[in-house]
Amino acid sequence: MFPFTSTHFNRETPGTIRNGKLMAKDDPTDGASGGDALEAARREKLRRIAELGHDPWGSRFDGHAPIGEIRARENEIEVEPTGDCATGRPPEQHGPAIRAAGRIVLQRNKGKLIFIDIRDWTGQIQLFIGKNQVGEENWELAQCFDLGDLIGVDGELKRTKTGELTIFVEKLHFLTKALATPPAKHHGLSDPELRQRMRYLDLIHTEGVLQRFLRRTQIVQSIRNTLSGDRFVEVEGPTLHSIAGGAAARPFTTHHNALDIPLYLRIALELHLKRLLVGGIERVYELGRVYRNEGIDPRHNPEFTMLEVYQAYGDYRSMMDLTEKIIVEAIRATGQEARLPWGDGEIDFTPPFQRKTYDELFREHTGVDPGDAAAVAALAEKIGFDTAGKHPDIIRNEVFEEKVEDQLKGPVFVMDYPASICPLTKRKAGRPEIAERFELFIQGMEVANAYTELNDPDLQEELFTRQLAGQAEEDSMAKMDHDFVRALRHGMPPAGGLGIGIDRLVMLLTNSQTIREVILFPLLRPETFG
RNA sequence: GAGGAUGUAGCUCAGUCGGUAGAGCAACGGACUUUUAAUCCGUAGGUCUCGGGUUCGAGCCCCGACAUCCUCACCA
């Protein structure tokens, strides 16, 4: 039995019901503003649903098939050649018995006949509800349906006269009332702010959004599969750091009460994963959230998902092969081919990706010899950079970021960076000014960053110190991580390490031009209610 | 942090020169048993983001605030 009486659900419905219809005299919309009137009408129907003996908030509903699977049973419909085109009477059909559940997204009332489209996360299908076919009880219940309600149905899968695959309903189940009005049925939500704040509505009503986020899941799952297939193990490092290291970024700060110490949300996974290399976990990765207290734009969100992988006895070339494999497999996992659409154009992910050196690309895009410090400085001045007192590598890199990176449509591995801007990277044998590092650029975006990891504790300590000298004192990231250096003193195997920005990779693999399209709940200022 | 754009009904959007606030969808009432953006008739729905100012009169002009978007800055 349903222990529900109207009073459980009736907040304060100003209208009254006679003969099941709202009487104009006591119209709940009377004097109410638009939104309130819409909700009042829905609450009134909710009350009637309870009166009819149904729980407006539903309960467990077993045995229903995903709509996508139901649609695939179309070929089970048998048609007997008894149709009569002249009278419009459809031919006799026999289809499989179906139980489905979903949200009402379209409704067309046609006298003693209602067509409803319900949707679940696998698809959408039409329902046929005829007054004479479903009986009085079901028909009364159907009068209480609004767009957005969740219902279940039992019926037979057949086709209408126009050939539309349809569940001819025999019994209705009420699963959940929607008190709020959904967006316009064909325009959906277009206000980007509403789409982000009310992602639940965006997922239901904006074309392609649900598919995009499911595809994100496929990509992440594929990455785990690829790594696991290569015998990498996944671990979980701490997200609360007393020293936020492994990258240069401003951290979020917080505080632990019992220990009474300041803490930082992690800005990278690197330093703890390398400690695990020391500890003998020879192939290790973490796929998790990092936090950087910096600006927000179409390519940056304050919290984002990072993959970092470390492989003992590898180097940055092993990481290049792995990066390519991870991306190619991810594309396959989403059911796509190597040439992916991107805006008006496309990106060709056919391996092998281009591999070019930093110097090569510098020369190519600036026409200046990267080894000619004076010429590079002159170019920097021309662009408008302040070069006074700066290390030539820093100047060169500023020019590289300004003039080269945007041009790298890629995918292209940029190899062999100036050592002085890579404090965690091993130097090339015999060429201490070059670091064994690559970054993968696609559409001007840095998607991956990898090193042959520096495992010389003395050099690491020196580079930390040198880095500190150039940092502002209040910059909390600029702290020597003594424990990390101590770990290196116990011997970290030569290794390759890789970081991939998952959100950016998902952008590229889902043709999404902003990072907020691939993050379910991007950071927004809190909304003020009331 | 700087500059620009936007903010009107639940949703999507018009709103001319400063002169009574508009449409579609959704809602409510009515007709309709093969519709599919159903159709048709009728009704109702507004703190024009918020606060000041100018004006006889402001959705519109001016100032400020708030939010979002874009560009730039920041970002190993």
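Chain naming here is simple, since letters A, B, ... match the order of the sequence lines and numbering starts at 1 in each. Model, not experiment: these values are computed from the prediction.
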Measure from the side chain of A:P192, starting at C-beta and using heavy atoms only, and say which of B:rC69, B:rA26, B:rU34 lies closest. B:rC69
Phosphate OP1/OP2 of B:rA26: any A:K185 side-chain N/O under 4.0 Å: yes
May I ask which nucleotide in the shown strands pairs with B:rG22, Watson-Crick or G-U wobble, both distances under 3.5 Å? B:rC13
In this structure, how many angstroms lie between the P atom of B:rA37 and the CD atom of A:Q124, rounded? 11 Å
Paired with B:rC69: which nucleotide, if any, by Watson-Crick or G-U wobble criteria at under 3.5 Å for both distances? B:rG4
Pair assignment for B:rG45, Watson-Crick or G-U wobble, requiring both distances under 3.5 Å: none
Reckon A:K131 has a side-chain N or O less than 4.0 Å from the OP1 or OP2 of B:rC32? no
B:rU71 to B:rG64 separation - P atoms, rounded to the nearest Å: 25 Å
Of A:Q126 and A:P183, whose closest RNA chain B nucleotide lies nearer the 5' terminus? A:P183
Under 4.0 Å from OP1 or OP2 of B:rC69: is there any side-chain N or O of A:Q196 that close? yes
Measure CG/A:D36 against C1'/B:rG45 and give the value in whole Å, please. 11 Å
Is the NZ atom of A:K403 crowded by more than 12 outside heavy atoms at less than 6.0 Å? no
Give none if B:rG64 has no partner; otherwise give the nucleotide forming a Watson-Crick or G-U wobble pair with it, both distances under 3.5 Å. B:rC50
Which residue lies more 5' along RNA chain B, comparing A:D146 with A:R437 via nearest heavy atoms: A:D146
Expressed as a whole number of angstroms, how long is the span from A:N109:CG to B:rC28:P? 10 Å
B:rC74 C1' sits how many Å from A:R299 CZ, rounded? 16 Å
Expressed as a whole number of angstroms, how long is the span from A:L106:CG to B:rU34:P? 19 Å
For B:rC11, does OP1 or OP2 lie under 4.0 Å from any side-chain N or O of A:S190? no
Given B:rC75, B:rA67, B:rC70, which nucleotide is nearest the side-chain atoms of A:H300? B:rC75
Rounded to whole Å, the CG-C1' distance (A:D406 to B:rU71) equals 13 Å
Can a side chain N or O of A:R108 be found less than 4.0 Å away from OP1 or OP2 on B:rA38? yes
Would you classify A:I114 as touching base, sugar-phosphate or nothing, given that sugar-phosphate means primed atoms plus P, OP1 and OP2, and contacts are heavy atoms under 4.0 Å? nothing
Is it true that A:E39 and A:R43 have a side-chain N and a carboxylate O under 4.0 angstrom from each other? yes
Taking only side-chain nitrogens and oxygens of A:K110, does any of them come within less than 4.0 Å of OP1 or OP2 of B:rU39? no
Rounded distance (Å) that lies between atom C1' of B:rA26 and atom CG of A:L179: 15 Å
Return no unless some side-chain N or O of A:R516 is found under 4.0 Å from OP1 or OP2 of B:rC69. yes
Per atom distances to the A:L524 side chain, the nearest of B:rU12, B:rU35, B:rC69 is B:rC69
If you count every heavy atom of other residues, nucleotides or ligands that lies below 6.0 Å from A:E401 atom CD, does the total exceed 12? yes
Residue-phosphate contact under 4.0 Å: A:R250 side-chain N/O, B:rC74 OP1/OP2: no
When both hydrogen-bonding distances must be under 3.5 Å and the geometry is Watson-Crick or G-U wobble, what is B:rU55 paired with, if anything? none
Would A:R437 and A:Y417 count as a cation-pi pair here, with the cationic atom under 6.0 angstrom from the ring centre and within 45° of the axis? yes
Tell me whether the OP1 or OP2 atom of B:rC28 has a side-chain N or O from A:K45 closer than 4.0 Å. yes
side-chain contact (heavy atoms from CB on, under 4.5 Å) between A:K171 and A:V153: does it pass, once the steps are laid out? CA-CA 6 Å; A:K171 183 165 174 50; A:V153 300; over 6 Å; no
Can you confirm whether A:E207 is buried at CD, in the sense that more than 12 heavy atoms of other residues, nucleotides or ligands lie under 6.0 Å from that atom? no
Checking contacts here: which listed nucleotide (B:rU34, B:rU68, B:rA27) is nearest the side-chain heavy atoms of A:E193? B:rU68
Round to a whole Å and report the spacing from CZ of A:R525 to P of B:rA67. 4 Å
